[in-house]
J.: 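Let me give you the structure first, and then I'll get to my questions.
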2 protein chains.
Amino acid sequence: MRITTWNVNGLRAAIRKGFEEHISRVNPDVLMLQEVRALPEQLPKQWRNPEGWHVTWHPAEKKGYSGTAIWTRDPHTIIARGINEDGSDPEGRVLHAKVKGTEVVCVYLPSGSSGDHRQAEKEKWMDVFMPWARKLKSKRTPVLLGGDFNIAHTPRDIFYAKSNEKSSGFLPHERAWMGDFIQMGYADYVREQAGDIDGPYSWWSNRGKARELDRGWRIDYLLGNKAASRIAGNITIDREAGLACSDHAPVTIELDI
Amino acid sequence: MRITTWNVNGLRAAIRKGFEEHISRVNPDVLMLQEVRALPEQLPKQWRNPEGWHVTWHPAEKKGYSGTAIWTRDPHTIIARGINEDGSDPEGRVLHAKVKGTEVVCVYLPSGSSGDHRQAEKEKWMDVFMPWARKLKSKRTPVLLGGDFNIAHTPRDIFYAKSNEKSSGFLPHERAWMGDFIQMGYADYVREQAGDIDGPYSWWSNRGKARELDRGWRIDYLLGNKAASRIAGNITIDREAGLACSDHAPVTIELDI
DNA sequence: CGTGTTAGG
DNA sequence: CCTATCACG
């Protein structure tokens, strides 16, 4: 079973730029999308309930903003929306589903890059997400968190480490949070397989030549608990789809199911 | 002396689409611009004080909205901004200047097409403008009003006359207002020279094929008092500049000065 | 720099 | 459909 996480930076724009073609090449069985930036009714008709997929949309209340979705080829059940007890998730950031005995969580952390106000939001969110994820980790079933965490963990996860030490997404306490996360028992499959090298990046600014020069950040993660690690297989990052369709590349893992 | 009126529908966009080249072909001595939609400081540097021109900008207070300007090759003096006694004109709709003994008034009437609220504004504006223009008309010096009036006067001034009888810009009372205006003693030079034919249009919707099929409206006027009529010469409408650069075409008159 | 929004035309 | 805006990333 192939599971892909992809921040599409506006599904409508991605569709115009060849989303369909990229998806058929990446060929996932489970697709976790972030930054859909559309209510289902705003999508072109054939994309609201795409043929051959079971789809759950989880849009933000605010139009054109944030929002996640899970697409599965086999039927799935929704376990929860959001990380609050009451199931509220006004920005559509977490969608928790079960498919073929595996729990998948589509995650989209707030970005703090557009000001102190948003950074404060992000940090509040991190505080709540950490204990939530801790509980989930202990399950006996495979649990896979996939999504855009908007944090690069180590200098290997960001091209310009030095100059970004004060940038949201690479602040010391954000890096520490990402570390805690992994230390508590989640495996970071991309890093595990890539080894101790620079990259592989999954996001590139579209200012300047960051993309063609591969000066990016690794902020899209696939994280799994012990049970998931037992069935975890190959990782692939489709840089082309990133460049053509979004500012993020889709990250895919093969699970032995 | 060639005097041109042109609604540029955003000077910054027009510049990107070849404004400079069209202006040098049209070759006016006096240029009256409407819908500049920029504060001078938002324009590319070389356009803030274009070489070889004396320029007065008259922007709206609201960013990216409305705004007029007068460019002259000879020096000009500003007689007034707006039509209120106190010189206020928050939407930058009237700029009154004198150049080489001729008074030119750059006029941009509100559009009512985007709703009742805007239509009410337009009508209030029409009520104030009429007596203002009446006073001006009686001057012994040539007075030329040029601009976008957002009203087509007769069925000859609009392609789809029948289907627009309830459209803002061709409402019976608007047409009557335009008629009063001309009857009080302003000459409509474009109509005078074109004679009793359909068109020539100066604005085309950019929906559908309105432009290539020349299904437009004549809403840009050059109107003059008696003294102006004595020196009024040839009219030209540069349809190409309209199609390439804006949704309006520049309208030019030759004055014997 | 890009994807959305909204007002206005 | 097009030009602007603004929020957000």
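In what follows, every chain begins at residue 1, and chains take the letters A, B, ... in the order their sequences are listed.
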J.: Under 3.5 Å, is there a donor-acceptor pair linking the side chains of Q119(A) and E174(A)?
T.: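 Yes, E174(A) and Q119(A) have a side-chain donor paired with an acceptor closer than 3.5 Å.
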
J.: At under 4.0 Å between heavy atoms, how does the protein contact nucleotides 3-9 of chain D? Give one character per nucleotide, 5' to 3', with B, S or -.
T.: BSSSSSB

J.: Is there a donor in the side chain of S246(B) and an acceptor in the side chain of N9(B), or the other way round, less than 3.5 Å apart?
T.: no

J.: Is a donor on one side and an acceptor on the other found under 3.5 Å between the side chain of R81(A) and the backbone of H96(A)?
T.: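 No; judged by distance alone, with no hydrogens or angles, the pair does not exist.
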
J.: L213(A) CG to dC1(C) P: how many Å, rounded?
T.: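 Atom-to-atom, L213(A) to dC1(C), this comes out as 14 Å.
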
J.: Side chains of W203(B) and N7(B) only: does a donor on one sit below 3.5 Å from an acceptor on the other?
T.: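 The criterion, which ignores hydrogens and geometry beyond distance, is not satisfied for N7(B) and W203(B).
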
J.: Rounded to whole angstrom units, what separation is found between the CH2 atom of W6(A) and the P atom of dT3(C)?
T.: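 To the nearest whole Å, that distance equals 13 Å.
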
J.: Could you state the atom-to-atom distance from CG of D116(B) to C1' of dG8(C) in whole Å?
T.: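 Answer to the nearest Å: 15 Å.
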
J.: State plainly whether the residues R207(B) and D247(B) are in salt-bridge range, i.e. N to O under 4.0 Å.
T.: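 Salt bridge between R207(B) and D247(B), a charged N being under 4.0 Å from a carboxylate O: no.
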
J.: Can you tell me how far C1' of dA7(C) sits from CD of E121(B), to the nearest Å?
T.: 14 Å

J.: What's the CD-P distance between Q119(B) and dG8(C), to the nearest Å?
T.: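 Answer to the nearest Å: 14 Å.
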
J.: Where does the angle between the aromatic ring planes of F181(A) and F149(A) fall among parallel (under 30°), tilted (30 to 60°) and perpendicular (over 60°)?
T.: perpendicular

J.: Nearest-Å distance, CD1 (I15(A)) to P (dT3(C))?
T.: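 That distance rounds to 13 Å.
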
